[in-house]
Amino acid sequence: TEEPAPLGLADALPMERLRLVDVGPLNPREIAVIVRERSGLSLSKPEAGRLAELAGGNPFYALEIARARARGDEGVTGQRLPIPKSLREDLVRSRVGSVSSKTGDLLLLAASMPRPTVDALRKVIPNAALDVSLQQAIDAGLIEVLGLDLRFAHPLYRSAIYADASRRRRHQAHRRLAEVTADPEERGRQLALSTDAPDHDVVEEVERAARLARERGAPDVAAELLEHAVRLTPPDDLDSLRRRLLLVAQDRLSAGDADGAEARAREALRVSDPGEEQAEPLRRIGGIEFARGALVEARASLDEALAQVGGNVRLAAEIHRELARVAIRAGELGAAERNAEAALHLATESGDPVLLRAVSVTAAEVDLLMARPTLSLETILDAAEWNGPKASDGSELVAAQAEIFAGQLDRAEDRLRRLLAETDEQGDEPARLSVTPGWPSSRSDRDRGSSRRSSPGRRASWRSTWG
C-alpha cells in the first residue's frame with residue numbers, strides 16, 4: 001500500500017520486519033462478539049446484521065454506534081440505530097458542507113430510498129440538475145454510480161446524511177418519493193416516513209405493504225413496516241394498536257429477533273383489559289418463550305392465558321396446543337397427551353380447518369413419541385393432503401421423525417434438506433432452528449446404523465407400519 005503505516009511504525013521497525021495487512025470488514029458474528037466484550041451489550045442476530053451493515057464491518061464505528069444505543073440515544077424516525085454526533089461531524093459535515101444545496105437535496109433523496117437508482121431520482125429531479133448534482137456528489141467522494149445504481153461510498157454516509165436533515169426536509173423527501181414509486185411495499189414505506197401524525201389511510205396502506213413483505217418471505221421488512229403502522233395508530237384505537245403490536249411480535253420472531261418480539265407482545269398485553277383481551281398476548285408471549293427454550297416461563301404464561309381465555313374456543317385450542325408443545329419439549333408425555341386431546345376437541349368444535357391441521361400435527365407428534373400409530377399420525381404423514389408451508393406447519397418434521405424412528409435415514413435427511421431450503425426461502429428463523437437439530441441426528445443415526453431415539457423393537461414397529 002502507498003499509505004504510511006499508522007503511529008510511525010514504518011520508522012520504528014526495519015522494513016524487513018514490517019508487514020502491512022489489509023484487514024477486511026468484519027462479519028455480523030464478529031461484530032457482535034466485539035460489541036459484547038467491549039460494551040457488555042448483547043445483540044440479536046438481526047441487530048448484529050444491521051449494525052455490521054451500517055458500520056461497513058468497521059469495529060470502531062460499530063462500537064461507537066453500540067455505545068450510543070446503550071446510552072439510550074435514539075435514531076431519527078426511519079432509523080433503528082442512532083448515529084452518534086461525533087460520527088456525523090467527522091464523516092459527513094466536512095464533505096457535505098462543500099457541495100451545493102441542490103446536491104444536498106439529491107443526497108437526502110438518495111438516503112431516503114432503500115435502493116437508490118438514477119432512474120428513480122430522475123422522476124423527482126430535472127435531468128440537467130440531476131447530472132450536475134450527481135457529479136458534484138461523486139467528486140466529493142460521497143457516492144458512486146454503477147450503471148444506473150447509486151451507492152454511497154460508505155453505509156454511514158447514507159445514515160448520517162439522513163439523520164442530519166431536519167424532520168421537515170425528511171418528510172418532504174419521502175412525500176416526493178411516495179408520489180412516484182410504483183412498488184406497493186416501497187410506497188407504503190415512503191408514506192409512513194412522510195408523516196408523524198396518525199393517519200388511517202396511510203396505516204392501511206402500510207399494513208398492506210407489510211403483508212406483501214411477509215408473503216414473499218421477508219419478515220424483517222414486514223416488522224419494520226408494521227412498526228410504522230403502530231407509530232401512526234391513533235392512541236385511542238386500542239384494538240388496532242393491540243392487533244398491530246401482535247403482528248410485529250410475530251414477524252420479529254420469524255426474523256429471529258426474540259427480544260423484540262417479546263417486547264412488542266408485552267406491550268400488547270399492557271394495552272389489553274383483563275380477560276379474553278389479555279389471553280392472546282399471553283399466548284404469544286408463551287410461544288416466544290417456548291421458542292427461546294424457556295419452558296418454565298412459557299408454561300406459566302400459557303397457563304395464565306388459559307385462565308383468561310373465557311369462551312373463545314379457537315384461542316383455547318391454540319393455547320392447549322402450545323402447552324402440548326411445551327410438554328413435548330420437557331419430556332412430559334402425559335401432559336402433552338392431555339393438552340393435545342383438549343386442543344383436538346376444541347379445534348374440531350371451532351370448525352377451522354387450518355387450526356385443526358395445526359393441532360393434528362402436534363397430536364401426531366405426541367402419538368409418534370408414544371409409539372402408537374393412529375389415524376391422525378397416518379393422515380399427517382400423507383404429504384399430498386396439505387399444500388401449505390411444510391416448515392411452519394410442522395407436519396414434514398413429524399414425518400422426518402417417523403422416518404428416523406423407522407430407520408429410513410436417507411429419506412429423513414432428504415426431507416430435512418428440503419425443509420431447510422424452504423425455511424431459508426421464507427426467512428422463518430424459528431422454523432429453521434426447529435429443523436436444524438434433526439439433520440445431524442439423522443446423519444449420526446445413519447453412521448451408527450441405529451436410531452439414537454428408539455429401541456430396536458420400537459424401530460421395527462415403525463418400519464412395519466411405514467417402511
Side-chain angles (χ1 to χ4, degrees), residues 23-88 91 114 152 154-160 162-163 213 217-228 230-231 245 247-267 284-285 287-294 297-298 423-424 426-434 436-437:
V23 179
L26 302 187
N27 63 39
R29 182 184 60 80
E30 293 164 337
I31 289 290
V33 170
I34 289 173
V35 167
R36 184 175 64 250
E37 291 181 348
R38 296 298 182 89
S39 71
L41 183 65
S42 294
L43 302 175
S44 67
K45 183 177 178 180
E47 288 171 335
R50 286 193 291 270
L51 180 57
E53 180 181 7
L54 177 57
N58 185 312
F60 301 104
Y61 293 160
L63 278 170
E64 284 293 306
I65 296 167
R67 285 167 178 156
R69 182 188 168 203
R71 289 194 301 267
D73 294 0
E74 294 184 358
V76 299
T77 303
Q79 290 186 335
R80 291 185 179 180
L81 294 170
I83 308 300
K85 183 179 179 181
S86 59
L87 287 183
R88 293 206 303 267
L91 289 173
F152 283 88
H154 191 283
L156 272 173
Y157 288 167
R158 172 206 291 266
S159 298
Y162 188 84
D220 54 335
V221 176
E224 182 180 354
L225 287 163
L226 284 167
E227 292 285 9
H228 292 305
V230 167
R231 177 175 59 85
L245 285 167
L247 284 172
V248 175
Q250 171 189 317
D251 288 326
R252 286 210 179 282
L253 184 62
S254 294
D257 182 7
D259 289 340
E262 184 169 349
R264 282 320 208 181
R266 290 196 179 279
E267 191 171 344
R284 296 293 182 94
I285 292 168
I288 294 165
E289 290 166 336
F290 169 75
R292 302 174 75 164
E297 293 83 355
T423 59
D424 287 341
Q426 293 174 348
D428 192 336
E429 184 69 10
R432 187 186 69 80
L433 293 175
S434 71
T436 303

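Just so it is clear, the structure is predicted and the values come from calculations on it, not from any experiment. Atom set for the values below is all heavy atoms of this structure, side chains included, hydrogens, waters and symmetry mates excluded.
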**Student:** For Arg252, run the salt bridge (Lys or Arg N to Asp or Glu O under 4.0 Å) check against Glu262, Glu224, Glu227, Glu267 and tell me which one passes.
**Tutor:**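 Among Glu262, Glu224, Glu227, Glu267, the one that satisfies the salt bridge (Lys or Arg N to Asp or Glu O under 4.0 Å) with Arg252 is Glu227.
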
**Student:** Can you tell if the side chain of Ile65 reaches within under 4.5 Å of the side chain of Pro84, non-hydrogen atoms only?
**Tutor:**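 When only atoms from C-beta onward are counted, Pro84 and Ile65 do touch, with a gap below 4.5 Å.
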
**Student:** So which heavy atom on Gln250 is nearest to which on Arg284, and how close?
**Tutor:**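 In this case the closest contact between Gln250 and Arg284 is CB-NH1, 3.9 Å.
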
**Student:** Can you measure from CD (Glu64) to CG (Asn58) and round to the nearest 0.5 angstrom?
**Tutor:**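 Nearest 0.5 Å value for the CD-CG distance: 10.0 Å.
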
**Student:** Which pair of non-hydrogen atoms, one from Asp73 and one from Arg71, has the smallest distance, and what is that distance?
**Tutor:**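 In terms of heavy atoms, the two residues are closest at OD2-NH2, 3.1 Å.
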
**Student:** What distance do Gln79 atom CD and Arg158 atom CZ have between them, rounded to the nearest 0.5 Å?
**Tutor:**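 Between Gln79 CD and Arg158 CZ, I get 10.0 Å after rounding to 0.5 Å.
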
**Student:** What are the two closest heavy atoms between Arg69 and Leu41, and how far apart are they?
**Tutor:**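 For Arg69 and Leu41, the tightest heavy-atom pair comes out as NH1-CD2, 4.1 Å.
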
**Student:** Please report the interatomic distance CG(Leu51) to CD1(Ile34), rounded to the nearest 0.5 Å.
**Tutor:**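 Nearest 0.5 Å value for the CG-CD1 distance: 10.5 Å.
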
**Student:** So which atom in Pro59 and which in Ile31 form the shortest heavy-atom distance, rounded to 0.1 Å?
**Tutor:**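 For Pro59 versus Ile31, the nearest heavy atoms are CA-CD1, 4.0 Å.
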
**Student:** Report yes if some heavy atom in the side chain of Ile288 is under 4.5 Å from a heavy atom in the side chain of Glu297; otherwise report no.
**Tutor:**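 Ile288 vs Glu297: side chains apart.
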
**Student:** Taking it one step at a time, do Asp220 and Asp257 satisfy side chain to side chain contact (heavy atoms under 4.5 Å, CB included)?
**Tutor:** CA-CA 9 Å; Asp220 54 335; Asp257 182 7; over 6 Å; no

**Student:** Over all heavy atoms of both residues, which pair between Ala55 and Ala62 is shortest? Give the atoms and the distance, please.
**Tutor:**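 The pair with the smallest heavy-atom distance is CB-N, 3.7 Å.
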
**Student:** Under 4.0 Å between a side-chain nitrogen and a carboxylate oxygen: does that hold for Glu47 and Arg36?
**Tutor:**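 No.
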
**Student:** Quick one: closest heavy-atom pair of Ala32 and Leu43, and the distance?
**Tutor:**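 Smallest heavy-atom distance, with atoms named: CA-CD1, 4.3 Å.
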
